[in-house]
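Since the structure comes first, as C-alpha cells, the remarks are kept for the end.
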Amino acid sequence: FWIDCSLFTSCKKDKVEETPEVPIVPTKTVSQKITAKWGVTTIADNDYYSNTSHTTSYNGVASDYLDFRSDGKLYAQIMPFGKDTIPYSLVNDSTLNIDSEIYKIKQLTDIKFVLYAKDIFSTITLEYYESIITLAK
C-alpha cells in the first residue's frame with residue numbers, strides 16, 4: 001500500500017510561531033502632555049495698529065522655562081521678566097486659560113508645545129495683539 005505525501009499539504013504538523021507581545025502604551029491626555037517643565041524656545045509678538053504690524057521676538061535662553069504643574073499652577077522664568085507663579089486651566093483639548101488669557105494649543109507633541117493668543121481691540125480699525133509661544137523639552 002503506497003501513500004503519496006504530495007496529496008497532502010503536509011506530512012507533519014506545522015510549528016506555529018508565536019508573535020512577541022507588544023506592550024500597550026496608554027495614550028496621554030492633553031492635561032498629562034502639558035504637565036511638564038518646558039524650555040522657552042521663542043516668543044513672537046505682534047501689536048497690529050495703524051495698518052501696520054509691530055513685531056517683537058525673544059529667543060529663550062537655557063534658564064527660561066514654563067513649568068505646568070498638575071495643581072493648576074504655572075511656574076515661569078523668562079529672562080527679561082523674572083520668575084512668576086500664574087494660575088492656569090485647561091478649557092478643552094485645544095484651549096488653555098493662563099491667568100485669564102486664552103491661548104489656543106497649536107501644536108502639542110512629547111517634545112514641542114506651541115501656544116497662540118490673539119486679543120482684538122477694535123474690529124473697526126483692525127487693532128489686535130497676538131503672541132506665539134514655542135516651547136520644547
Side-chain angles (χ1 to χ4, degrees):
F1 186 74
W2 177 69
I3 299 177
D4 186 2
C5 238
S6 64
L7 294 175
F8 301 98
T9 56
S10 176
C11 289
K12 65 179 187 173
K13 191 173 182 179
D14 288 336
K15 192 175 187 180
V16 178
E17 292 200 22
E18 292 184 25
T19 306
E21 285 190 33
V22 177
I24 298 172
V25 180
T27 304
K28 289 183 179 179
T29 64
V30 172
S31 180
Q32 290 169 327
K33 284 183 182 180
I34 67 172
T35 303
K37 187 173 186 178
W38 296 88
V40 176
T41 304
T42 58
I43 300 173
D45 296 319
N46 179 23
D47 193 2
Y48 188 88
Y49 58 91
S50 300
N51 293 321
T52 306
S53 289
H54 301 86
T55 60
T56 58
S57 63
Y58 172 75
N59 292 321
V61 297
S63 60
D64 292 341
Y65 64 84
L66 294 182
D67 188 359
F68 291 86
R69 304 279 180 94
S70 60
D71 63 358
K73 292 181 182 173
L74 169 60
Y75 294 87
Q77 177 174 305
I78 301 174
M79 193 57 149
F81 309 110
K83 290 184 178 183
D84 203 354
T85 304
I86 307 162
Y88 84 93
S89 62
L90 191 61
V91 177
N92 57 44
D93 285 351
S94 63
T95 309
L96 199 59
N97 181 331
I98 302 175
D99 199 24
S100 299
E101 181 74 34
I102 301 299
Y103 286 86
K104 292 292 181 186
I105 298 171
K106 289 297 188 181
Q107 185 177 358
L108 180 58
T109 67
D110 289 338
I111 58 171
K112 189 173 182 181
F113 188 11
V114 180
L115 294 167
Y116 174 79
K118 184 174 184 176
D119 290 324
I120 299 172
F121 300 116
S122 171
T123 56
I124 298 167
T125 58
L126 190 58
E127 296 179 6
Y128 60 86
Y129 183 83
E130 62 186 341
S131 182
I132 299 171
I133 302 170
T134 304
L135 309 168
K137 283 191 204 171

Scan residues 27-37 for pairs that pass salt bridge (charged side-chain N to carboxylate O under 4.0 Å, His left out), counting only residues two or more places apart or in two chains.
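Found none.
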All side-chain hydrogen bond (donor to acceptor under 3.5 Å, both in side chains) counterparts of [X], not counting sequence neighbours:
X     : result
Thr29 : Gln32
Ser53 : Asn46
Tyr58 : Asp64

If you define the side chain from C-beta out and look only at heavy atoms, does anything of [X] sit under 4.5 Å from [Y]?
X      : Y      : result
Ile132 : Ile43  : no
Leu66  : Ile78  : yes
Leu115 : Ile98  : yes
Asp45  : Ser57  : no
Ser122 : Leu126 : no
Pro87  : Leu74  : no
Thr41  : Leu135 : no

Sub-3.5 Å donor-acceptor pair from the side chain of Thr95 to the main-chain atoms of Val91, do we have one?
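Answer holds: no.
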Listing request: all ring pair (Phe, Tyr, Trp, His ring centres under 6.0 Å) pairs with a residue in residues 86-116, at least two apart in sequence or in separate chains.
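Those involving residues 86-116 are Trp38-Phe113, Phe68-Tyr88, Phe68-Phe113.
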Going by the rule salt bridge (Lys or Arg N to Asp or Glu O under 4.0 Å), which residues pair with Asp67 if we only count those two or more places apart in sequence or in a different chain?
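Salt bridge (Lys or Arg N to Asp or Glu O under 4.0 Å) list for Asp67, sorted by chain: Arg69.
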For a quick test of reading the model, state the closest non-hydrogen atom pair linking [X] to [Y] and the distance between them.
X     : Y     : result
Ser70 : Thr35 : N-CG2, 3.7 Å
Asp71 : Lys73 : OD1-N, 3.1 Å
Ser31 : Leu90 : N-CD2, 3.8 Å
Ser63 : Gln77 : O-NE2, 3.1 Å
Leu96 : Ser89 : CD1-O, 3.5 Å

Ignoring hydrogens and geometry beyond distance, is a side-chain donor-acceptor pair present between Thr42 and Asn59 at under 3.5 Å?
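Side-chain D/A pair, Thr42 to Asn59: absent.
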Any residue meeting side-chain contact (heavy atoms from CB on, under 4.5 Å) with [X], in chain and number order, not counting sequence neighbours:
X      : value
Asp84  : Ile86
Lys112 : Gln107, Thr109, Val114, Thr134
Ser50  : none
Thr52  : His54

Could you work out the complete set of other residues in the hydrophobic cluster of Tyr129, with links drawn between I, L, V, M, F, W and Y side chains under 4.5 Å apart?
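Other cluster members: Phe121.
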Could you list who else is in Ile124's hydrophobic cluster, with ILVMFWY side chains joined at under 4.5 Å, directly or through other members?
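Noted: Ile124 shares its cluster with no other residue.
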